[in-house]
Amino acid sequence: MGTSSLLHIFLILALLLGLAKPDPDSLQDYCIADTKSSLYLNGVPCINPNLATTAHFTTSALAKPGNTRANTFGFNVTLTTVANLPGINTLGLSLARVDIAGNGIVPPHSHPRASEVTICLKGSILVGFVDTSNRLYTQQLRPGESFVFPKGLIHFLFNVDSLNPALAISGFSSQNPGAQVASLATFRSNPYIPDDVVKKAFQITTQDVMKIRKNLGG
């Protein structure tokens, strides 16, 4: 293979790797989110840097427990966003507080724009993800232990203690990681995925589809 061909391949790989970054790099020290702007951008416009204060880089959003009774799964996720932490804008990261009730679960889901690292702070949490070869990687975390979920892969967190709540903190490689719960996306989409598609995909009956949708609040 000639030098020119190798250079061509190198340039293509470099371009692809550059495009694969979770969030674009900031061109300045910081970009405090202007949450009052009416502009619709891939991100949030910045305020004048001269108007930045310490408060823009501080939040207490993760200090309070979330309401784990708000859904049938028994969990709550509180995420840092440009609304409660404006200084996070363009930095390519975010944090989440994950509260899980006894026997509760953060059901199988994925983050299309971010990898995630989770540290257990309280309780005992069974975590795991499935790769694109359908191989399961799982571990039971105790306080102080961490686990990483690769970007875009289906993963879960389950509180193995049926009586006591569990608490974890997760870090993401994007200020807006996004989240899609597999069961809700499949059975609670708006409008619904056609029944024939769901029945064929899961090898279930119409009655099964109706029951699952009802169980998920549909």
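- In this structure, CG in Asp161 is found 5.5 Å from CG in Leu163, a value given to the nearest 0.5 Å.
- In this structure, Asn159 and Ala166 approach most closely via the heavy-atom pair ND2-N, 3.4 Å.
- Residues Ile212 and Ile204 are in side-chain contact: their nearest non-hydrogen atoms beyond the backbone lie under 4.5 Å apart.
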(request) Before giving the answer on side chain to side chain contact (heavy atoms under 4.5 Å, CB included), spell out for His56 and Leu51 the whole-Å C-alpha distance, their side-chain angles and the decisive distance to 0.1 Å. (result) CA-CA 10 Å; His56 289 129; Leu51 301 178; 5.6 Å; no
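- Criterion: ILVMFWY side-chain heavy atoms under 4.5 Å apart, direct or through other members. Under it, Leu153 and Phe156 are part of a common hydrophobic cluster.
- Side-chain atoms of Arg113 come within 3.5 Å of backbone N or O of Asn176 as a donor-acceptor pair.
- Separation of atoms OG1 (Thr58) and CG (Asn84) is listed at 11.5 Å; rounding is to 0.5 Å.
- Annotation: side chain of Ser183 is not in contact with side chain of Pro108 (no heavy-atom distance under 4.5 Å).
- Under a 3.5 Å cut-off, the side chain of Asp99 and the backbone N or O of Gly66 do form a donor-acceptor pair.
- Contact check for Val98 versus Ile169: no side-chain heavy atoms found under the 4.5 Å cut-off.
- Proximity of a side-chain donor or acceptor of Gln175 to a complementary backbone N or O of Thr90 within less than 3.5 Å is detected.
- Within the 4.5 Å cutoff, no side-chain heavy atoms of Val197 are placed close to those of Tyr192.
- The nearest pair of heavy atoms linking Val181 to Pro107 is CG1-CG, 3.7 Å.
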(request) Please test Tyr137 against Asp131 for side chain to side chain contact (heavy atoms under 4.5 Å, CB included), starting from the C-alpha separation and ending with a verdict. (result) CA-CA 8 Å; Tyr137 297 85; Asp131 69 12; 3.5 Å; yes
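- Under the 4.5 Å side-chain heavy-atom criterion for ILVMFWY residues, no single connected hydrophobic cluster contains both Val82 and Val77.
- You'll find the side chain of Leu79 stays beyond 4.5 Å of the side chain of Leu95, heavy atoms only.
- Between Phe147 and Phe149, the gap from one ring centroid to the other is short of 6.0 Å.
- Although no hydrogens or angles enter the test, the distance criterion places a donor-acceptor pair under 3.5 Å between the side chain of Thr59 and the main chain of Ala61.
- Across all non-hydrogen atoms, the minimal contact from Phe73 to Asn71 is N-OD1, 3.0 Å.
- At a threshold of 4.5 Å between non-hydrogen side-chain atoms, the residues Tyr30 and Cys46 do not count as touching.
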Can you give the donor-acceptor pairs under 3.5 Å from side chains of residues 118-130 to other protein atoms, not counting sequence neighbours?
unit_1	atom_1	unit_2	atom_2	d
Thr118	OG1	Glu116	OE2	3.1
Thr118	OG1	Ser170	OG	2.6
Ser124	OG	Gln140	NE2	2.8

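- Proximity of Leu157 to Ile105: side-chain heavy atoms (C-beta onward) are nowhere separated by under 4.5 Å.
- In this structure a side-chain-to-backbone donor-acceptor pair under 3.5 Å is missing from Thr78 to Leu62.
- Within the 3.5 Å criterion, the main-chain N or O of Leu216 finds a donor-acceptor partner in the side chain of Arg188.
- The CG atom of Asn164 lies 13.0 Å from the CD1 atom of Ile100; values are rounded to the nearest 0.5 Å.
- A donor-acceptor contact shorter than 3.5 Å links the side chain of Asp208 to the backbone of Thr205.
- If you take OG1 on Thr80 and CZ on Arg97, they are separated by 13.5 Å, rounding to the nearest 0.5 Å.
- In terms of hydrophobic clustering, with Ile, Leu, Val, Met, Phe, Trp and Tyr side chains grouped at heavy-atom distances under 4.5 Å, Ile193 and Val209 are assigned to a common cluster.
- Ring planes of His111 and His109: perpendicular class, angle over 60° (limits at 30 and 60°).
- Contact of the Lys211 side chain with the Asn215 side chain is registered, since non-hydrogen atoms from C-beta on lie closer than 4.5 Å.
- No chain of hydrophobic side-chain contacts below 4.5 Å, direct or via other Ile, Leu, Val, Met, Phe, Trp or Tyr residues, connects Ile154 to Leu136.
- Enclosure of atom NZ in Lys199 by more than 12 non-hydrogen atoms of other residues, nucleotides or ligands within 6.0 angstrom is indicated.
- Panel note: side chain Asn89, backbone Cys31; a donor-acceptor pair is recorded below 3.5 Å.
- Here Ile32 contributes atom CD1 and Asp29 contributes atom CG; the two are 10.5 Å apart, rounded to the nearest 0.5 Å.
- When all heavy atoms are compared, the tightest approach of Ser94 to Ser174 is OG-O, 2.7 Å.
- Remark: the backbone N or O of Ser115 is paired with a side-chain donor or acceptor of Ser173 at under 3.5 angstrom.
- Side chain of Asn103 to backbone of Gly74: no donor-acceptor contact under 3.5 angstrom is found.
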